[in-house]
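Numbered from 1 within each chain, the chains take letters A, B, ... in sequence-line order. Just the heavy atoms: all of them, side chains too, but no hydrogens, waters or symmetry mates, feed the values below.
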Amino acid sequence: MNHVLPIALIFAMSCVSIAALLCCLRLLIGPSAQDRVLALDTLWICSMLMCLLLGIRYGSMIYFEVALLIALLGFVSTIAMAKFLMRGEIIE
Amino acid sequence: MIHWDHLPLWASLPTAALLVLGGGFTLTGCLGLLRLPHFYQRIHGPAITITLGTGCILIASMLLFSTLETRPVLHELLITLFLLMTTPMVSMLIMRAAVHRDLRQQHRLAAEKESPIAVYRDIQHQSRGDRKTS
Amino acid sequence: MKRLLPSPLLSLALLLTWLLLNQSLAAAHLLLGSVLAIIAPLLARPLQPHGHARLHRPLLLVRLLGKASLEILHSCINVSRTILLARPTGLNSQFIRIPLEMQSPHGLAVLAGIINLTPGTVWVELLPDSHELVLHVFDLHDAQWWIDTIKQEYEQPLMQIFEGSPA
């Protein structure tokens with residue numbers, strides 16, 4: 001009876017993996033620097049989601065702390081990079 | 001997957017549905033990031049990933065752990081709140097950085113009439129003109 | 001009391017965050033959380049140039065956020081449909097201008113949050129010369145509709161909440 005959940009979980013995990021792959025593609029081909037920053041930010045989100053799904057898969061709440069840390073670090077690093085894009089090139 | 005065996009049906013079905021929905025929306029957002037032709041359109045793709053994709057998976061996780069532990073497990077709300085507060089700032093900063101960079105390049109290169117940034121430059125000029133006349 | 005707790009709501013939110021992070025209601029956590037909830041706003045006070053926000057009508061804020069989340073859900077589905085089904089060359093992505101009257105920085109921050117969380121719209125800039133908001137819209141059909149929606153649905157309630165202007 002409980003076979004629905006594992007299938008749904010595998011589906012969600014493969015979706016998130018493919019999404020992360022798409023982000024990597026955009027990160028590689030992205031014509032401009034702001035494209036790459038946007039792709040990197042989305043990649044942070046995807047990896048955070050992957051951590052949450054792994055937590056569900058193994059039934060462990062440790063993964064929650066990892067996900068929270070990834071979210072925090074992703075925010076700070078994206079803000080730093082966006083700020084650099086906006087102001088960094090002035091100092092040439 | 002031993003921890004799933006005594007999960008009641010009323011909890012496992014909504015969790016499964018939310019997981020499928022969350023995965024689908026995440027994929028859609030990233031597909032938009034890859035597929036759309038212009039940066040100013042691409043920035044709208046990840047918003048779906050962040051609001052609905054993350055939201056669905058976080059609710060699924062809350063539901064599952066609350067049933068497994070037989071007490072309300074609410075700490076996923078923290079991630080939700082944090083993301084809801086930080087994502088607007090991130091997208092606004094990236095957008096402004098893109099506009100600044102494009103404007104700077106626009107000054108260097110010959111002006112294209114139809115590009116989005118030309119439209120934006122006109123908006124800025126109009127705004128300054130409005131103030132002078134008023 | 002006023003000096004010790006400049007913003008009770010903020011302190012309560014901090015205490016709740018602390019309890020959620022530790023996942024317990026033990027007395028020790030309650031005590032430590034309360035100390036943090038009192039000290040952190042006092043220490044962060046000089047960092048905020050505009051002071052703590054004052055909510056004139058908190059219930060209206062709750063209703064506004066509820067309406068905004070419905071709107072976010074709605075436009076999420078719209079944008080996903082566009083990404084999955086429509087040909088991307090036919091999209092009409094535009095910058096539009098919206099004249100704003102709200103001056104309160106807290107209200108503007110909440111407005112920016114709502115607009116950026118809604119897929120399909122991104123806040124670009126508040127033009128300093130004319131106090132107009134520049135918005136980038138993913139698929140524009142009717143610019144006047146956007147102006148009316150944002151001014152009536154969001155700006156008016158936010159002005160009532162943060163500036164205390166009459167309804």
Side-chain angles (χ1 to χ4, degrees), chain A residues 1-9 11-16 18-23 25-26 29-35 37-39 41-43 45-46 48-49 52-53 55-61 63-65 67-68 71-72 74-76 78-79 81-87 89-90, chain B residues 1-7 9 12-13 15-31 33-35 39 42-43 45-46 49-50 53-54 57-58 60-61 64-65 68-69 73 75-76 78-79 82-83 86-87 89-98 100-102 104:
Chain A
M1 209 57 224
N2 260 341
H3 292 313
V4 194
L5 198 48
I7 295 172
L9 192 54
F11 175 79
M13 278 172 141
S14 37
C15 273
V16 173
I18 296 171
L21 268 180
L22 296 183
C23 291
L25 267 180
R26 180 47 79 192
I29 61 175
S32 58
Q34 53 263 34
D35 276 306
V37 173
L38 188 63
D41 181 51
T42 321
L43 199 57
I45 300 284
C46 285
M48 189 207 77
L49 286 180
L52 283 174
L53 289 175
I56 296 180
R57 163 79 174 69
Y58 293 110
S60 148
M61 285 204 240
Y63 286 93
F64 162 78
E65 328 267 329
L68 192 63
L72 283 165
F75 168 63
V76 173
T78 318
I79 289 285
M81 275 187 291
K83 266 292 185 204
F84 176 74
L85 283 190
M86 211 182 324
R87 302 264 177 248
E89 288 177 3
I90 293 173
Chain B
M1 283 179 233
I2 223 140
H3 60 282
W4 283 346
D5 286 345
H6 37 264
L7 199 65
L9 192 66
S12 70
L13 277 188
T15 313
L18 280 171
L19 281 178
V20 169
L21 268 182
F25 276 117
T26 308
L27 190 54
T28 315
C30 291
L31 200 66
L33 183 70
L34 189 70
R35 185 166 168 254
F39 172 76
R42 265 175 237 142
I43 200 168
T49 302
I50 289 166
T54 315
I57 291 181
L58 283 167
S61 165
L64 186 83
F65 281 116
L68 282 180
E69 306 260 314
V73 176
H75 59 184
E76 274 87 353
L78 280 180
I79 296 187
F82 181 74
L83 278 182
T86 56
T87 334
M89 237 187 304
V90 168
S91 59
M92 184 160 67
L93 269 179
I94 294 180
M95 192 69 173
R96 297 203 52 174
H100 271 257
R101 282 171 63 92
D102 282 355
R104 229 179 290 151

Rounded to the nearest 0.5 angstrom, the CD1-OG1 distance for I79(A) and T86(B) is 8.0 Å

Most heavy-atom pairs under 4.5 Å with chain A, out of L33(B), L93(B), I57(B), I94(B), belong to L33(B)

Of A97(B), G45(B), A17(B), G29(B), the largest count of non-hydrogen pairs under 4.5 angstrom with chain A goes to A97(B)

Nearest heavy-atom approach of M89(B) to F75(A) is CE-CZ, 3.9 Å

If one checks every heavy atom of L68(A) against chain B at 4.5 Å, the contacting part turns out to be both

Okay, I45(A) and chain B: the region with an atom under 4.5 Å from a heavy atom over there is side chain

Closest non-hydrogen atoms of A8(A) and V20(B), given as atom of the first, atom of the second and distance, are CB-CG2, 3.8 Å

Whatever's closer than 4.5 Å to a heavy atom in chain B on M48(A) counts as side chain

In short, C46(A) meets T26(B) closest at the heavy-atom pair SG-CG2, 4.4 Å

Bottom line for I43(B): the part with an atom under 4.5 Å from chain A's heavy atoms is both

Is any side-chain heavy atom of R26(A) less than 4.5 Å from a side-chain heavy atom of R42(B)? yes

Bottom line for D41(A): the part with an atom under 4.5 Å from chain B's heavy atoms is side chain

If one checks every heavy atom of L43(A) against chain B at 4.5 Å, the contacting part turns out to be neither

Here the pair of heavy atoms bringing T42(A) nearest to P46(B) is OG1-CG, 3.5 Å

- Message: Is there a side-chain contact between L5(A) and L64(B) in this structure, where contact means two heavy atoms from C-beta onward sitting under 4.5 Å apart?
- Response: yes

In terms of heavy-atom pairs under 4.5 Å with chain A, the winner among L78(B), I79(B), T49(B) is I79(B)

Bottom line for F82(B): the part with an atom under 4.5 Å from chain A's heavy atoms is side chain

Applying a strict 4.5 Å limit to non-hydrogen atoms, the region of L31(B) in contact with chain A is both

Rounded to the nearest 0.5 Å, the CG atom of L27(B) sits from the CG atom of L21(A) at a distance of 10.5 Å

task: Would you mind reporting whether L19(B) and I56(A) have side-chain heavy atoms less than 4.5 Å apart?
output: yes

Query - Side chains of Q34(A) and M95(B) in contact at under 4.5 Å (non-hydrogen atoms) - result: no

